[in-house]
Amino acid sequence: MRCLALLVLVAACSSTEDPPGLQGSSSGGGSSSGSSGGSSSSGASSDAGIDVNVAPPTKQGCIDDVSAGTHTYTCDGLRVDASIPEACLRPGCGLILEIHGDTGTGLLMDAHTNLFALGKQKNYVVIAPTGRPYGGGQPGSTWTQQEDPKLLTMTRLFASVFRVDDKKVHATGFSRGGFVAWRMLCDGADLFASVAPSAAGSGNGEVTCFQNGRAPSRKADILFLMGRTDSPVPYPTMAAIRDAAIANYQGQNKQVVASDAQYTHNRWTTAAGVVIETFDHAYETVPNGPWGDAKGHCFPGSKMDPFAPQYAVPCRGPNAFTWGDEVMKFFETHPKK
């Protein structure tokens with residue numbers, strides 16, 4: 001997989017027992033914006049319709065601010081930006097882990113997906129961690145397998161503290177974060193209801209799922225974004241992991257959900273009703289932008305500035321779909337079976 005010395009590779013549950021708190025604390029008590037809530041103890045409901053007689057979340061480990069809003073925590077040495085909708089101060093919300101690619105950060109990932117805003121609308125806690133420094137003089141951060149256990153523990157902790165519905169815990173990632181999302185499927189099959197990797201295939205020097213004998217212990221639903229002209233992650237490597245997943249799941253009854261000259265949305269369904277869906281597209285980055293060489297390694301529908309100096313990999317429009325919207329829609333309609 002091309003490294004971003006070439007510039008890109010960009011963008012490259014709840015359990016029955018509470019998990020132990022992660023090491024670390026929030027930065028400044030959790031840099032918070034938005035309303036706080038959930039601490040009132042009188043009256044039947046708040047202005048937002050929250051039943052204030054329900055006990056609020058309890059601080060645990062690195063989560064030392066449990067108010068509604070956006071916060072920045074430090075969990076096990078990783079910065080974690082999080083969006084906590086006010087509705088999620090009571091039990092029953094969902095949770096989404098979103099994982100950035102090389103030279104990115106959690107907030108830059110969310111600039112492409114818009115999942116903080118979508119999660120607020122749909123009642124999902126969204127956590128966007130930032131990995132270790134990329135190094136080599138490049139900006140931003142990256143991921144290695146060493147961070148995988150931290151991400152799993154972190155997700156379980158947020159799920160426990162905010163008492164989310166264990167059927168509504170999901171993960172998505174792009175590029176290097178997409179490889180991590182594949183591993184989350186294999187290593188956290190008990191945790192995640194569905195996953196949405198993007199721009200991440202088999203091989204490329206990465207350990208993923210559905211190769212070398214690795215497969216999830218439970219078949220979670222999959223949504224997969226594949227760029228036909230992707231330069232950092234060649235399309236054949238994505239086709240290989242798609243085909244391996246279909247074979248492992250014994251997917252059948254291929255259906256073309258929607259298509260035009262630039263993309264095809266396909267679906268395979270197992271006998272048990274588990275689905276694998278792909279968005280296979282021919283969109284590309286702005287050719288004269290800083291990430292023009294990435295070509296199909298991009299986010300359809302992203303509103304991010306294509307000339308921004310870092311992690312600027314929106315697909316050049318017009319695009320028939322917006323990836324963040326499709327991810328949110330898929331997670332909503334694919335709880336754990």
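Ring centroid separation for the pair Phe330 and Phe279 does not come in under the 6.0 Å cut-off. Taking the ring centroids of His265 and Tyr263, they lie at or beyond the 6.0 Å cut-off. No close placement of the Phe331 and Tyr124 rings is indicated, their centers lying 6.0 Å or farther apart.
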Identify every side-chain donor-acceptor pair in residues 219-229 under 3.5 Å, counting partners at least two apart or on other chains, and give the distances.
residue, atom, partner, partner atom, Å
Asp221, OD1, Val275, N, 2.8
Asp221, OD1, Lys337, NZ, 3.3
Asp221, OD2, Lys337, NZ, 2.7
Arg228, NE, Asp280, OD1, 2.5
Arg228, NH2, Asp280, O, 3.1
Thr229, OG1, Glu284, OE2, 2.7
Thr229, OG1, Gly296, N, 3.4

Open item on the list: Apply side chain to side chain contact (heavy atoms under 4.5 Å, CB included) to residues Phe192 and Leu152 and explain how you reach the verdict.
Closed with: CA-CA 10 Å; Phe192 296 107; Leu152 289 169; 3.8 Å; yes

- [ ] Might you work through the side chain to side chain contact (heavy atoms under 4.5 Å, CB included) test for Phe321 and Gln262, ending with a clear yes or no?
- [x] CA-CA 11 Å; Phe321 65 93; Gln262 296 296 306; over 6 Å; no

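Across Lys336, Glu332, His170, Lys168, a single residue satisfies side chain to side chain donor-acceptor pair (under 3.5 Å) together with Ser194, and that is His170. If you run ring pair (Phe, Tyr, Trp, His ring centres under 6.0 Å) between His112 and each of Phe174, Trp291, Tyr311, only Tyr311 comes through.
A tilted orientation is assigned to the rings of Trp143 and His100, their planes being inclined by 30° to 60°. By the 30° and 60° cut-offs, the orientation of the rings of His71 relative to Tyr73 is tilted.
Under a cut-off of 6.0 angstrom, the local environment of CD in Gln250 is sparse, with at most 12 non-hydrogen atoms contributed by other residues, nucleotides or ligands.
Without hydrogens or angle criteria, Thr130 side chain to Gly106 main chain gives a donor-acceptor distance under 3.5 Å.
Annotation: salt bridge (charged side-chain N to carboxylate O under 4.0 Å, His left out) contacts of Arg267 (sequence neighbours excluded): Glu277.
Under the 3.5 Å distance criterion, with hydrogens and angles disregarded, a donor-acceptor pair is assigned to the side chains of Glu98 and Thr113.
Closest of all the heavy-atom pairs between Ala181 and Val195 is O-CG1, 4.4 Å.
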